[in-house]
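Notes to accompany the following structure.
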Amino acid sequence: MAKIKTRFAPSPTGYLHIGGARTALYSWLYARRHGGHFVLRIEDTDRERSTQESVNVILEGMSWLGLDYDEGPFYQTERFDRYRELTQRLLDEGLAYRCYCSKERLDALRQEQMANKQKPRYDGRCRDLTEPPEGAGEPVIRFRNPLDGEVVVEDRVRGRVVFRNSELDDLIIARADGTPTYNFTVVVDDMDMGITHVVRGDDHLNNTPRQVNLYRALGVEPPVFAHVPMILGEDGKRLSKRHGAVSVLQYRDQGYLPEAVLNYLVRLGWSHGDQEVFTLDEMVSLFDLEDINHSASTFNPQKLLWLNQQHIMRAEPAHVARYLAHHLGERDIDPADGPPLEAVVAAQQERAKTLVEMAENSLFFYRDPADYEPKAARKNLKPETEAALVRVRDLLSELEDWRPEAIHECVLKAAEVLELKLGKVAQPVRVAVSGGPVSPPIDQTLALLGKEATLRRIQAAIDWIDRQAAG
RNA sequence: UGGGAGGUCGUCUAACGGUAGGACGGCGGACUCUGGAUCCGCUGGUGGAGGUUCGAGUCCUCCCCUCCCAGCCA
């Protein structure tokens, strides 16, 4: 039995699409599950639309997701000699032929066929030519597809799918300028690279019989196919930019953890009982092609957000800290300018759904708030709460042991003395030091902030109240 | 038009031919620092019509709806 080998073969014409990422994930998981290899191939034969920038985005996206490949990246544009070689071989063996039909003729043929309620396809006009017709231009090269019989595909997701050769036509394998076409290159590459399993979107299901016939003509067995349903937008159409963020790197920038994105993607079309949250190790050990669903799924941003929250909460603080540092950096914050980043993460993990949110809500640990959230200030920074702030300030200024437990005692004591509920004391303090109504528990918040900043900010809030009162 | 693939709560998904359940979302409640955390409750579904069967989401037939392919894009 050959070693299992899967591949991900995007075309570099934009960004790493969420749907492509899921295909890559399923391919990667299958290879990892079975101790095989995962190959990255860049299908860049469309010279007009392929860009180096897009290649970079794909590589960056794969890296961020952690989908490491064992071989590649391979570029099809670097393999043109090989495609030419095999094209020539098929010509020599009579398995391919030159076609001189103009695009105009083919267009007219297509329209005529549609009008006659037939399937639009090449009619084989040049199939048996022995010489070029008069006034012929540069020919394309077509594959001599079998005319009868069936192609049976035992798809790992779809099951048995049968196509009749009479429904297919002689596809173009090389253009007039000599460049190869998709259905040909994909077969040659998968053959040469020893790909055993092709996991891809089911938009290619109907290309499969053509490719199988090519494998046979080249004298090799086709790989196993697993065609994965599309991901749709809310309107039931293919997921596209008009639905919202579809690029993997956009989710990175919005504060998602890669493992949360992977978790969402694996569950969008695959399941293991009722389990929702998976670690990468669990995915690797549980994933299998046969558990992939048959129907297309609709992308649900809310569930992705919930999963991101779950992963942030469950992760080691050190792990989250690495990603948070990047988002703080984007806000010109140096994590070294405040409390230990891991401690900040540990305190904030339950309070943020994304890393962007966590970064925003953690700014006050690193610099004084520019201003107070208006509603929170109205409610908590007023003459009636000033006494609480003064009392807490005084008690804390005498505190030597700056730890959560001791801080909590001071806040409790202030509440006792003033005969207030704890919340009536803690919330003004919270607003004073953080600028808003939400932060980690007040004792943890102050412990992390440090004594100096705490006292300074409480004092600033007291002064602010006085200024407001003075009109 | 021809061919191919699908159809379970709003969304994702589970259910050997034998109790339609879980999660997200939405609504409500509880939680003596804020809650964006936690706990509890409610809501809500097998596209339609026949057939087979003691029994069907599950098998069969027809209808309806959706997606995909038919670029010398991939």
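So that the names make sense, note that chain A is the first sequence line, chain B the second, and so on, each numbered from 1.
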(request) May I ask you to evaluate whether A:Ser271 reaches the phosphate of B:rA14, defined as a side-chain N or O under 4.0 Å from OP1 or OP2? (result) yes
(request) Select base, sugar-phosphate, or nothing to describe what A:Lys237 touches, counting heavy atoms under 4.0 Å on all strands. (result) sugar-phosphate
(message) Heavy atoms from C-beta onward define the side chain here; which of B:rA74, B:rG4, B:rC67 lies closest to that of A:Met230?
(response) B:rC67
(message) Just the rounded figure in Å: distance from P of B:rC67 to CZ of A:Arg158.
(response) 15 Å
(message) Does A:Cys99 reach a base, just sugar-phosphate, or nothing at all? Heavy atoms under 4.0 Å.
(response) nothing
(request) Could you work out which one of B:rC69, B:rA37, B:rC12 sits closest to the side chain of A:Arg238? (result) B:rC69
(request) In whole angstrom, give me the gap between the C1' atoms of B:rA15 and B:rC72. (result) 49 Å
(message) Would you say the rings of A:His197 and A:Tyr30 are close, in the sense that their centroids are separated by under 6.0 Å?
(response) yes
(request) Would you kindly check whether a donor in the side chain of A:Glu167 faces an acceptor in the base of B:rG4, or vice versa, at under 3.5 angstrom? (result) no
(message) What's the separation between atom CD in A:Gln310 and atom NZ in A:Lys303, rounded to the nearest 0.5 Å?
(response) 11.0 Å
(request) Taking the six-membered ring for Trp and the full ring for Phe, Tyr or His, determine whether the centres of A:Phe278 and A:Trp270 are under 6.0 Å apart. (result) yes
(request) Take the protein atom CD of A:Glu357 and the nucleotide atom C1' of B:rG35, then report the distance between them rounded to whole Å. (result) 12 Å
(request) Scan A:Thr45 against the nucleic acid and name what it touches under 4.0 Å (heavy atoms): base, sugar-phosphate only, or nothing. (result) sugar-phosphate
(request) Check every strand shown and say whether A:Gly269 touches a base, only sugar-phosphate, or nothing at a heavy-atom separation below 4.0 Å. (result) sugar-phosphate
(request) Nearest 0.5 Å please: distance from the CG atom of A:Asn300 over to the CH2 atom of A:Trp306. (result) 11.5 Å
(request) Pick the P atom in B:rU66 and in B:rU11, then give their distance to the nearest Å. (result) 15 Å
(message) Checking side-chain polar atoms at under 3.5 Å, does A:Thr385 have a donor or acceptor matched by the opposite partner on A:Asn380?
(response) no
(message) Heavy atoms only, 4.0 Å cut-off, all strands: where does A:Leu106 land among base, sugar-phosphate and nothing?
(response) base
(request) Both distances under 3.5 Å, Watson-Crick or G-U wobble: report the partner of B:rC67, or none. (result) B:rG4
(message) Distance check, C1' atoms only: B:rC24 and B:rA14, in whole angstrom units.
(response) 15 Å
(message) Say we look at B:rU13 and B:rC9: how far apart would their P atoms be, to the nearest angstrom?
(response) 11 Å
(message) On the nucleotide B:rU13, are OP1 or OP2 found under 4.0 Å from the side-chain N or O atoms that A:Ser297 carries?
(response) yes
(message) Suppose we define a pair by two distances each less than 3.5 Å, Watson-Crick or G-U wobble; what does B:rA23 pair with here?
(response) B:rU11
(message) Please give the distance between the P atoms of B:rC67 and B:rG35 as a whole number of Å.
(response) 45 Å
(message) Quick check for you: among B:rA74, B:rC73, B:rU1, whose closest atom lies nearest to any side-chain atom of A:Asp46?
(response) B:rC73
(message) With rounding to the closest Å, how many angstrom separate the P atoms on B:rG45 and B:rG21?
(response) 12 Å
(message) Check this for me: does any side-chain nitrogen of one of A:Arg41 and A:Asp190 sit under 4.0 Å from a carboxylate oxygen of the other?
(response) yes
(request) Write down the distance between CD (A:Gln113) and C1' (B:rG3), rounded to a whole number of angstrom. (result) 13 Å
(message) Check A:Arg164 with A:Glu167, please: is the shortest side-chain N to carboxylate O separation under 4.0 Å?
(response) no
(request) Using a 4.0 Å heavy-atom cut-off across all strands, classify A:Val161 as base, sugar-phosphate, or nothing. (result) sugar-phosphate
(request) Answer with base, sugar-phosphate or nothing: what part of the nucleic acid does A:Arg110 contact at a heavy-atom distance below 4.0 Å? (result) sugar-phosphate
(message) Under 6.0 Å between ring centres: does that hold for A:Phe8 and A:Phe38?
(response) no
(request) Could you check whether A:Leu268 gets within reach of a base, just the sugar-phosphate, or nothing at all, counting any heavy atom under 4.0 Å? (result) sugar-phosphate
(request) May I have the distance from A:Glu234 (atom CD) to B:rC12 (atom P), rounded to whole angstrom? (result) 10 Å
(request) Measure the distance from CZ on A:Arg430 to P on B:rC33 and round it to the nearest whole Å. (result) 10 Å
(message) Roughly how many Å apart are B:rU32 and B:rU46, using the P atom of each and rounding to a whole number?
(response) 42 Å
(message) Need one value for A:Glu276: base, sugar-phosphate or nothing, where a base atom within 4.0 Å counts as base even if backbone is also close, heavy atoms only.
(response) base
(request) To the nearest Å, give me how far apart CG (A:Asn206) and C1' (B:rG71) are. (result) 15 Å
(message) Whole angstroms only, please: what is the CZ-P distance between A:Phe299 and B:rU13?
(response) 13 Å
(message) Please report whether the ring centroid of A:Phe299 lies less than 6.0 Å from that of A:Tyr264.
(response) yes
(message) Please determine whether a side-chain nitrogen or oxygen atom of A:Arg175 lies at a distance below 4.0 Å from atom OP1 or OP2 of B:rC73.
(response) yes
(message) Measuring to OP1 and OP2 of B:rC12, would you say a side-chain N or O of A:Thr298 lies under 4.0 angstrom away?
(response) yes
(message) Under 4.0 Å, heavy atoms only, any strand: does A:Lys119 hit a base, just the sugar-phosphate, or nothing?
(response) base
(request) May I ask you to say what A:Ile172 touches in the nucleic acid, namely base, sugar-phosphate or nothing, with a heavy-atom cut-off under 4.0 Å? (result) base
(message) Does a side-chain N or O of A:Asn293 approach OP1 or OP2 of B:rA14 to a distance below 4.0 Å, or not?
(response) yes
(message) Just to be sure I understand the rule, does A:Gln309 reach a base, reach only the sugar-phosphate, or reach nothing, if contact means heavy atoms closer than 4.0 Å?
(response) sugar-phosphate
(message) Using a 4.0 Å heavy-atom cut-off, does A:His408 contact any base of the nucleic acid, only the sugar-phosphate backbone, or nothing at all?
(response) nothing
(request) Could you check whether A:Ser439 gets within reach of a base, just the sugar-phosphate, or nothing at all, counting any heavy atom under 4.0 Å? (result) base
(request) May I have the distance from A:Leu168 (atom CG) to B:rG2 (atom P), rounded to whole angstrom? (result) 17 Å
(request) Assign B:rG57 to syn or anti; the rule is syn for a glycosidic angle within 90° of 0 and anti otherwise. (result) anti
(request) Assess whether one donor atom and one acceptor atom, taken from the side chain of A:Asp202 and the base of B:rG4, lie less than 3.5 Å apart. (result) no
